[in-house]
Enquirer: 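This is the structure I want to talk about, given as structure tokens.
These numbers come from a predicted model, not from an experiment. Values reported hereafter were calculated over all heavy atoms of this structure, with side chains retained and with hydrogens, waters and symmetry mates removed.
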Amino acid sequence: MAQGQAASYDIAIAGAGIFGLSIATAAIKAGQRVVVCEAETVGSGSSGGLLGALMPHMPARWNPKKSFSSRRY
């Protein structure tokens with residue numbers, strides 16, 4: 001892209017956490033032009049803080065709020 005020329009994307013994703021990056025990967029594989037916007041660093045938001053909710057077998061930083069992920073329905 002030439003300097004001063006605006007970029008064009010098919011989809012913009014807010015957040016470079018587990019879900020944002022998964023959606024970005026699927027969109028890229030589907031041939032979409034993707035931009036991911038992240039205010040901090042990759043995985044620094046809720047993906048970093050709620051890893052226990054995504055992986056209940058990991059005891060690191062476990063707390064009662066994460067226990068919902070290990071319930072059997």
Enquirer: Any pair with a residue in residues 12-23 that passes salt bridge (charged side-chain N to carboxylate O under 4.0 Å, His left out), sequence neighbours left out, goes on the list, sorted by first then second residue, please.
Expert: none

Enquirer: Which pairs pass salt bridge (charged side-chain N to carboxylate O under 4.0 Å, His left out) with one or both residues in residues 13-23, sequence neighbours excluded?
Expert: none

Enquirer: Quick one: which residue pairs count as a salt bridge (charged side-chain N to carboxylate O under 4.0 Å, His left out) with a foot in residues 12-24, not counting sequence neighbours?
Expert: none

Enquirer: Show every salt bridge (charged side-chain N to carboxylate O under 4.0 Å, His left out) that has at least one partner inside residues 10-31, sequence neighbours left out.
Expert: D10-R33

Enquirer: Holding to side chain to side chain contact (heavy atoms under 4.5 Å, CB included), I want the full list of residues that pass it with L21, two or more places apart in sequence or in another chain.
Expert: A16, V36, V42

Enquirer: Looking only at non-hydrogen atoms, find the nearest pair between A27 and V34 and report the distance.
Expert: CB-CG2, 3.6 Å

Enquirer: Nearest 0.5 Å, please: how far is CD1 in I23 from CD in Q32?
Expert: 13.0 Å

